[in-house]
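Structure record follows, encoded as structure tokens.
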Amino acid sequence: MSGPDPSAGSGHPGTFFPWADPFVYNAREHGLVGDGVTNDQPALQALVDTLGAACADDDQPRTIYCPSGRYSIRDAATAWRSGISLIGAGRSATRFLLANPGDRTACTPLAWFTIERHGASRKRHIADCTFACFEIDGSGVELEEYAPYSKGLGLQYVLRGTFRDLYIHDVPSTGFGCDFLQDTLVENVLTVHCGRLDPGESMGGAGIGIGLGGWGTIERCTISACTAVDNGTNGIFVELQDAHWAPTRGIRIVGCHTEGNRFGISDWGADGLVVSGCTMLANRQAGYDVSALGPSGVAGRGGVVTGCVIEDNITDGVAIGNTPGPYTFAANRISRNGRYGYWQHNLDSGRQAVAADVIIDGNEFWGNGLDGITVDSPLVDPTVTSNRFRNNGRRCEHEYDGAGENVSYTPLSVVDTAADWRPNGHKGKCVTVADQEALVVGNSRTELKLAPRHPGSPTAWADGPPPSGTRYRLPGAPGVRAGIRLAADTESATICGNRAWDSQPDKTQTHGLVITDSGDCHAGFVHDNDLLGNAEGTSRFDTVPSEGCWYQNPGLDDSGRPGSPPAPEKGPRDESPDP
């Protein structure tokens, strides 16, 4: 194809584009066919190269407009150029169909510009590019093995970029996988079933994944009104790319929805990430994750999560670890998660950090499978104030096994007509059938509802549903299921103004506050907490709190300090230590 004359504009832009502009180029007039059969990748690459060279010459950005159609992009990725935008006629109207029938090793993102392949850097970046109003369908790409570069969009070092109104789905790796975005907006991007070839623990495989640190300590990027459903790892994540770089500030995730992913939203190395007004629902491992799982092994710190609904996640609502702190969770609803509402922990593979200045304020914790808050790694100067812990400990059913004519299996359920379980009493448990295991997302009196084996999978079973009548086993429940459970050293905590109770006729939350034999509460300032109304008592101290100031906690002693208590009990306690 002969290249267009950039000085000639689009020829007849008004014919196909809603407004005339000499720097808007109709793709149909420059070699792209859009019939779903012709390979449009060579024509697109030629047009990008020609317009990119013209932009480099006169510093005037240009736009490629792709009218409605099905544009086949086969066997090669399109190397992008600075100043070139790609605009379609709308989601599902303009569709880019990625495929690699000629080379099963070829990654075929619609557009890429990377450090490894193109020498991307701060000095060699792409600027002033907009990608908007089209669909990327990656279902035609098959690979011999998983490759993290097999993305929908894979750009690095972008300045003043805009990504808006995109629908990206069924991509082998991350749908929107762009790194080092300065002064950039990512808005109304829908990613569905990306990371479909991710075996479960690989890099990438997310809906939206943004690498941080290339521009320095501040990268101004906003992710707004995006939706990520059934993606292999994260719905949305940000991650520091190099352990030697300082964690990056300036990132905001606002008004987004994540559902059915492994993690909903993850902070793997930002500093001061702001997450506001988001919904994180029914994700497999955690709704919100802070950890060292990213390539740098550096967890996020300084983040603020506020005004979010974090609900029905199969394991934990919030999982935070490997961070030195601080971190703030305020005014969120954290409910009906399969295990903990909030889990403080350290992954073995990351920094064994003592987290300082964690703030948990004004949140609602209710209906979670075990504890509202569990602390399994050390904290210094945490603040837990004005939260409500209600009706947690829903995973209360005893161990159970069944077999025979009453038992049957479907791809996503176990049915036992002889059972009489408390609804959701097995939520979050693992059911074992022969050598297969599946996660329970909820239950009725006779049916266990199961999580898909992987995000987007149609079944919970690795080897298909077991034959009817096969014996299954469910584990029991822990005897302590509290509003707040401290199972690690907690130093100088402020715990005040909280209420922890159970309003159900058949209570499941056993205690308001528990300190286990592996935990401690040293020099705490604990006051004005209402811990009355739980199944077994206000508190249980297997390790007696030391020093500090305790007062006006209904159901606990009002002496003002723990003092010298009697020997701790292993059973429930309704009184604080004697002064």
[X] and [Y]: which non-hydrogen atoms are nearest, and at how many Å?
{"X": "I265", "Y": "T258", "answer": "CG1-CG2, 3.8 Å"}
{"X": "S173", "Y": "P148", "answer": "OG-O, 3.0 Å"}
{"X": "E447", "Y": "W421", "answer": "N-CZ3, 3.7 Å"}
{"X": "G300", "Y": "T323", "answer": "O-OG1, 2.6 Å"}

**Message:** Using the ring centroid of each side chain, check whether F541 and W550 are separated by less than 6.0 Å.
**Reply:** yes
**Message:** Taking the ring of H398 and the ring of Y400, is the distance between their centroids below 6.0 Å?
**Reply:** no
Could you tell me whether [X] and [Y] make a salt bridge, using a distance below 4.0 angstrom between a side-chain N and a carboxylate O?
{"X": "R390", "Y": "D502", "value": "no"}
{"X": "R284", "Y": "D230", "value": "no"}
{"X": "E397", "Y": "R422", "value": "no"}
{"X": "R481", "Y": "D371", "value": "no"}
{"X": "R336", "Y": "E311", "value": "yes"}

**Message:** Apply side-chain hydrogen bond (donor to acceptor under 3.5 Å, both in side chains) to residues Y288 and D316 and explain how you reach the verdict.
**Reply:** CA-CA 8 Å; Y288 188 80; D316 302 312; over 6 Å; no
**Request:** Could you please spell out the steps behind the side-chain hydrogen bond (donor to acceptor under 3.5 Å, both in side chains) verdict for N231 and N261?
**Result:** CA-CA 5 Å; N231 299 290; N261 313 283; 3.1 Å; yes
**Item:** Evaluation steps, side-chain contact (heavy atoms from CB on, under 4.5 Å), between V309 and L281
**Value:** CA-CA 8 Å; V309 174; L281 311 179; 4.1 Å; yes
**Message:** For Y551 and H527, take the angle between the two ring planes, folded into 0 to 90°, and tell me which bin it lands in: parallel under 30, tilted 30 to 60, perpendicular over 60.
**Reply:** parallel
**Asked** Any idea how Y327 and F329 line up, ring-wise: parallel (<30°), tilted (30 to 60°), or perpendicular (>60°)?
**Response** parallel
Hey, does [Y] have a side-chain heavy atom less than 4.5 Å from the side chain of [X]?
{"X": "Y340", "Y": "R485", "value": "yes"}
{"X": "N313", "Y": "T315", "value": "no"}
{"X": "K429", "Y": "P475", "value": "yes"}
{"X": "V375", "Y": "T490", "value": "yes"}
{"X": "L448", "Y": "L474", "value": "yes"}

**Request:** Tell me, yes or no, whether the heavy-atom count around E399 atom CD, taken from other residues, nucleotides or ligands under 6.0 Å, exceeds 12.
**Result:** no
**Prompt:** Is K449 atom NZ crowded by more than 12 heavy atoms from other residues, nucleotides or ligands, each under 6.0 Å away?
**Reply:** no
**Message:** Assess the residue pair T279 and H257 against the criterion (side-chain hydrogen bond (donor to acceptor under 3.5 Å, both in side chains)); give the C-alpha distance rounded to whole Å, side-chain angles, the decisive distance to 0.1 Å, and a yes or no.
**Reply:** CA-CA 5 Å; T279 45; H257 178 91; 2.6 Å; yes
